[in-house]
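A quick write-up on the structure given underneath.
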Amino acid sequence: KGLIGLGPGLTPSGDDAITGLLVSLALTLKAYNLHALVTHPSEGIGSLILYIADHGTNVISQELLWYAARGEASSSTEAVILDILSGSANSVRESTRKLISQGASSGVDQLWGILLGIPLAFDIIAG
C-alpha cells in the first residue's frame with residue numbers, strides 16, 4: 001500500500017516497481033499456463049492495487065497500473081521478462097539495457113519489480 005504514489009516522476013517509482021512486479025508475475029504464470037490467477041484486474045492483488053491507486057497516485061500511473069493488473073506493459077518491459085524466462089543471457093543484457101534507459105528512473109524501478117515478481121511467481125507455481 002505504501003508504494004503506490006511513492007517517489008518522484010511522471011510515474012512515481014513505487015508505481016513503476018509495482019508495474020514490473022505485476023507484469024512479471026502475470027507473464028511468468030502465463031508461461032506455466034497459470035495466468036488466470038493474476039491477469040484479471042477485478043480479482044486478487046490487481047483489484048487491491050487499483051483500488052489504492054484510485055486515490056493514491058496520478059492519472060498516468062493509474063492507467064499504467066490498470067494495464068499492469070491485466071498483465072500488460074510496454075514492449076521493453078515485457079521483453080526483459082520473457083528474455084529472463086527464456087534464459088538467453090545476451091537477450092537479457094540487451095533488453096535490460098533498453099528498459100533501464102526509459103525515463104529518469106522508470107526503467108530501473110520496473111526492473112526492480114520484475115526481479116521481485118519472477119521469484120514470487122515461481123513460489124506460487126511451487127505451491
Side-chain angles (χ1 to χ4, degrees):
K1 181 178 177 179
L3 285 177
I4 301 285
L6 180 67
L10 191 57
T11 55
S13 294
D15 299 346
D16 290 327
I18 291 170
T19 294
L21 184 139
L22 288 176
V23 176
S24 62
L25 183 60
L27 292 180
T28 303
L29 293 176
K30 184 177 182 179
Y32 286 85
N33 293 319
L34 299 170
H35 59 285
L37 297 174
V38 294
T39 58
H40 197 276
S42 67
E43 299 177 2
I45 192 171
S47 66
L48 176 62
I49 288 169
L50 294 177
Y51 176 78
I52 297 166
D54 203 29
H55 300 288
T57 193
N58 64 51
V59 174
I60 295 169
S61 280
Q62 289 172 7
E63 188 82 5
L64 179 73
L65 291 166
W66 187 83
Y67 280 101
R70 296 180 59 206
E72 300 175 18
S74 69
S75 59
S76 56
T77 300
E78 292 183 12
V80 169
I81 297 161
L82 297 174
D83 287 345
I84 290 171
L85 293 175
S86 75
S88 172
N90 288 334
S91 295
V92 171
R93 276 193 290 278
E94 184 57 36
S95 60
T96 299
R97 278 190 205 114
K98 185 175 180 181
L99 178 62
I100 63 174
S101 71
Q102 292 182 345
S105 66
S106 288
V108 171
D109 296 330
Q110 285 188 23
L111 182 60
W112 182 73
I114 290 167
L115 296 176
L116 293 174
I118 291 174
L120 178 59
F122 283 119
D123 286 347
I124 291 169
I125 292 166

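- Rounding to the nearest 0.5 Å gives a distance of 9.0 Å between CG of Leu29 and CZ of Phe122.
- The CD1 atom of Ile84 lies 8.5 Å from the OG1 atom of Thr28; values are rounded to the nearest 0.5 Å.
- Proximity of Leu65 to Ile4: side-chain heavy atoms (C-beta onward) are separated by under 4.5 Å at one or more points.
- The backbone N or O of Lys98 sits less than 3.5 Å from a side-chain atom of Ser101, completing a donor-acceptor pair.
- Taken from CD1 in Ile118 to OG in Ser24, the straight-line distance is 5.5 Å, to the nearest 0.5 Å.
- Looking at heavy atoms from C-beta onward, Val108 lies out of side-chain contact with Asp16 at the 4.5 angstrom threshold.
- The structure places OG of Ser95 at 10.5 Å from CG of Asn90, a figure rounded to the nearest 0.5 Å.
- At least one donor-acceptor pair closer than 3.5 Å links the side chain of Gln62 to the backbone N or O of Asp54.
- Contact record, Ala69 with Leu50: CB-CD1, 4.0 Å, taken as the closest heavy-atom pair.
- In this view, Ser74 and Ser76, Thr77, Gln102 satisfy the side-chain contact (heavy atoms from CB on, under 4.5 Å) rule, not counting sequence neighbours.
- How far CG of Leu85 is from NZ of Lys30: 12.0 Å, rounded to the nearest 0.5 Å.
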Practice item. Tell me, with the steps shown, if Leu99 and Ile114 meet side chain to side chain contact (heavy atoms under 4.5 Å, CB included). Key: CA-CA 11 Å; Leu99 178 62; Ile114 290 167; 3.9 Å; yes

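- The nearest pair of heavy atoms linking Glu78 to Glu72 is OE2-CA, 3.6 Å.
- When all heavy atoms are compared, the tightest approach of Ala26 to Gly71 is CB-CA, 3.6 Å.
- For Ala17, the side-chain contact (heavy atoms from CB on, under 4.5 Å) partners are Trp112, not counting sequence neighbours.
- When every heavy atom of Leu22 is checked against every heavy atom of Ala68, the shortest pair comes out as CB-O, 3.6 Å.
- In this structure the side chain of Ser61 reaches within 4.5 angstrom of the side chain of Thr11, judged on heavy atoms.
- With a 4.5 Å cut-off on side-chain heavy atoms, Ser86 and Val92 do not count as touching.
- Here the shortest heavy-atom pairing between Asp83 and Ser91 reads OD2-O, 3.0 Å.
- One hydrophobic cluster holds both Leu48 and Ile18 under the rule that ILVMFWY side chains link at heavy-atom gaps under 4.5 Å.
- The nearest pair of heavy atoms linking Tyr32 to Ile125 is CD1-CD1, 3.5 Å.
- In this structure, the side chain of Asp109 does not engage the main chain of Asp15 through any donor-acceptor pair within 3.5 Å.
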Exercise for review: Apply side chain to side chain contact (heavy atoms under 4.5 Å, CB included) to the pair Ile60 and Leu64, showing each step before the final yes or no.
Suggested key: CA-CA 6 Å; Ile60 295 169; Leu64 179 73; 5.7 Å; no

